[in-house]
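Written below as structure tokens is the structure these notes are about.
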Amino acid sequence: MRMRDRLQECIDKAMRDLGLDPQVPGARLERPANPNYGDWSSNVSLVAAKTVGRNPRDLAGELAAVISASPPPHLVNVEVAGAGFVNFHLEPGYLHEVLVDVVIQGERDYARSQLGKGERVQIEFVSANPTGPLHVGNGWWGAYGDSLARVMARCGYEVSREYYVNDTGGQIRRLGMSLLARLRGEPVPQEGYQGAYVAELAKSYEGPDDDVMTAGRWAAEVILENIKRTCQSMGIHFDEWYSQASIEESGAVAQTIAILAERNLVEEEGGATWLRSTKLGDSRDRVLIKSNGDPTYLAGDLAYHRDKFIVRGFDRVIDVFGADHHGQVASLLSGVRALGIDPDRLEVKLGQMVSLVDGQAAGKMSKRAGNFVPLDDLIADIGPDATRLLSLMSSVDQATTLDLDLVRQQSMDNPVYYVQYAHARIASIDRVAKERGLALAPLSQVNLSLLAHERELELLRCLDELPDVLVEACEARAPSKITTWVRALAGRFHGFYHDCPVLGSAGGEGVDPDLMQARWWLVEAVRIGLAIGLDLLGVRAPESM
RNA sequence: GCGCUCGUAGCUCAAUGGACCAGAGCAUCUGACUACGGAUCAGAAGGUUGGGGGUUCGAAUCCCUCCGAGCGCGCCA
């Protein structure tokens with residue numbers, strides 16, 4: 001059992017002994033930044049004092065007294081500090097147990113959680129229209145969705161990743177018009193797609209030059225294949241590529257509108273069919289069928305979400321949109337509510353915009369205007385790993401600025417190298433040990449208590465945190481927390497590596513053999529931690545660089 | 001005009017309402033290689049967390065307001 005869980009049990013038991021409810025909302029057990037405040041610290045009495053009507057310091061004192069009457073293993077001292085914190089001071093032996101946990105559970109089982117309890121979650125992300133190549137923003141939100149899926153899967157959710165392909169409607173028509181214009185050497189219409197890639201596509205188009213929709217569908221198909229290739233090159237994986245056209249053709253749209261009509265939420269007006277969403281508190285009504293008979297995007301989207309929740313039966317759906325699409329969130333949520341689906345089951349994450357600076361020029365990206373930086377170009381410049389790590393450094397809520405010039409020139413100082421280098425160094429230690437004919441002794445025969453250097457303890461503390469970081473990342477839907485942790489672990493490893501030789505110089509002098517074995521196992525534990533973290537981020541853990 | 005998302009070191013970003021140090025990296029300055037990979041390590045400097053109010057034992061975090069930025073507000077998708 002982890003030390004954290006043991007301490008939590010002690011606190012809960014102490015609360016019960018004092019006749020109080022151990023379930024205190026807002027109570028947390030955390031690692032204080034300041035080492036003077038111990039290894040772990042609980043704010044339970046501060047939070048509980050409000051509802052119980054007690055002085056927090058007094059309550060904390062009673063808790064500390066109860067706990068120290070039957071202390072858990074490794075506890076040196078428990079004390080009250082500040083306004084009423086309960087601080088636990090431990091002897092470092094518990095950290096050696098962490099090492100054993102990491103090594104025995106390994107890459108597959110360390111830092112797993114059953115938080116999700118097998119709940120079925122669908123994460124829909126990227127879903128960029130197949131009217132042009134993915135841009136850098138798509139890559140960032142794509143890495144986010146993909147890593148979130150990995151994090152949630154490790155937390156016991158059954159995750160399905162989906163790309164909604166908008167392969168129908170006016171944009172396909174515009175794409176076809178643009179392609180045919182290029183084919184005939186005519187100027188591309190104002191509302192068409194101006195990008196050079198359309199001209200490239202036109203060169204290999206062999207269909208009729210007078211059928212806009214055929215040309216548009218053909219181009220969209222080719223572009224979608226390229227999008228799939230781009231995603232693959234960044235390690236972004238999808239379980240489903242769901243076609244909007246298939247929804248419309250299946251009759252699901254009409255069916256969905258019929259359901260809304262049964263609920264008396266649909267009316268005709270001005271030749272169009274409206275969803276009276278104002279009846280449910282929406283700020284305005286929404287059109288479902290245009291007066292020309294075509295369904296709106298919203299109608300298709302509602303049919304699609306009904307399919308997610310009702311037909312396919314997902315417990316929870318997470319949609320990752322670019323912030324430029326946040327205008328559709330309100331209508332989607334009120335539409336889902338109108339369908340009788342609990343809107344709490346739908347989470348919409350808005351990925352903030354990625355603005356690009358190249359030297360000085362900063363331009364607004366637009367697929368129609370054709371002036372955007374393709375994701376492929378960035379990947380070609382800095383590689384897929386750097387692209388992923390950079391995108392996962394900041395939270396999705398944070399609008400970021402990427403200076404292409406800087407990223408290219410300083411690629412050697414890119415954080416991805418710092419992290420991967422740590423992993424490669426570990427592999428290198430193993431290689432050198434093998435060359436010297438050294439063997440790693442069985443863990444049970446190794447004296448781990450030799451690991452007492454602050455650098456060593458620091459590493460173990462960091463490894464101990466991973467299960468908590470994983471859960472936090474999952475609950476906050478924030479895989480960037482994994483990035484922060486991985487960088488911290490890598491940093492501590494580099495410090496350890498600098499101060500604590502594992503194998504010593506050639507010939508083996510300089511390091512006591514028992515200490516060597518203990519450190520070697522520590523290094524193995526770090527390797528496991530890095531591998532888990534990097535896998536969650538979708539970044540490779542290389543043996544050499 | 002209304003709405004959404006934001007505003008943290010010179011730059012890019014961290015910090016589930018917690019504690020006399022708000023942290024990293026880059027850039028700047030100074031040190032450390034006859035040890036397993038120096039793509040590293042150690043140190044210095046850098047802040048009124050956009051301004052102002054409020055809630056709280058306690059605020060970068062929650063509320064109000066002002067300023068600033070981005071994005072939305074269609075019978076486009």
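Because only heavy atoms are used, hydrogens play no part in the values below, and waters and symmetry mates are left out as well, while side chains stay in.
- B/C36 has its base stacked against the ring of A/Tyr497, the centroids being under 5.5 angstrom apart at an interplanar angle below 30°.
- Rounded to an integer number of Å, the gap from A/Glu268 CD to B/C75 P is 15 Å.
- Counting distance only, with no hydrogens placed and no angle test, the side-chain atoms of A/His326 and the base atoms of B/G3 include a donor-acceptor pair under 3.5 Å.
- Under a 4.0 Å N-O distance rule, the pair A/Glu458/A/Arg461 does not qualify as a salt bridge.
- Salt bridge absent: A/Asp468 and A/Arg31 never bring a charged side-chain N and a carboxylate O closer than 4.0 Å.
- In this structure, CG of A/Asp324 is placed 15 Å from C1' of B/C6, rounded to the nearest angstrom.
- As rounded to whole Å, 9 Å separates atom P of B/G72 from atom NE2 of A/His325.
- The nearest whole Å value for the distance from the CG atom in A/Leu332 to the C1' atom in B/C4 is 15 Å.
- The distance between atom CZ of A/Phe85 and atom C1' of B/G58, rounded to the nearest whole Å, is 8 Å.
- Note on A/Arg455: only backbone sugar-phosphate atoms sit closer than 4.0 angstrom, heavy atoms only; bases stay farther off.
- Between A/Arg57 atom CZ and B/C57 atom C1' there is a gap of 12 Å when expressed in whole angstrom units.
- At a threshold of 4.5 Å between non-hydrogen side-chain atoms, the residues A/Arg487 and A/Val419 count as touching.
- Judged by distance alone, with hydrogens and angles left aside, A/Thr296 brings no side-chain donor or acceptor close enough to the base of B/C75 to form a pair under 3.5 Å.
- At a threshold of 4.0 angstrom between heavy atoms, the contacts of A/Thr400 are confined to the sugar-phosphate backbone, with no base atom among them.
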Criterion ring-ring contact (aromatic ring centres under 6.0 Å, His included) on A/His453 and A/Phe496, from CA distance to verdict: CA-CA 9 Å; A/His453 195 286; A/Phe496 160 80; 8.0 Å; no

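- One interatomic measurement links the two molecules: CG of A/Leu333 to P of B/C4, which rounds to 13 Å at whole-angstrom precision.
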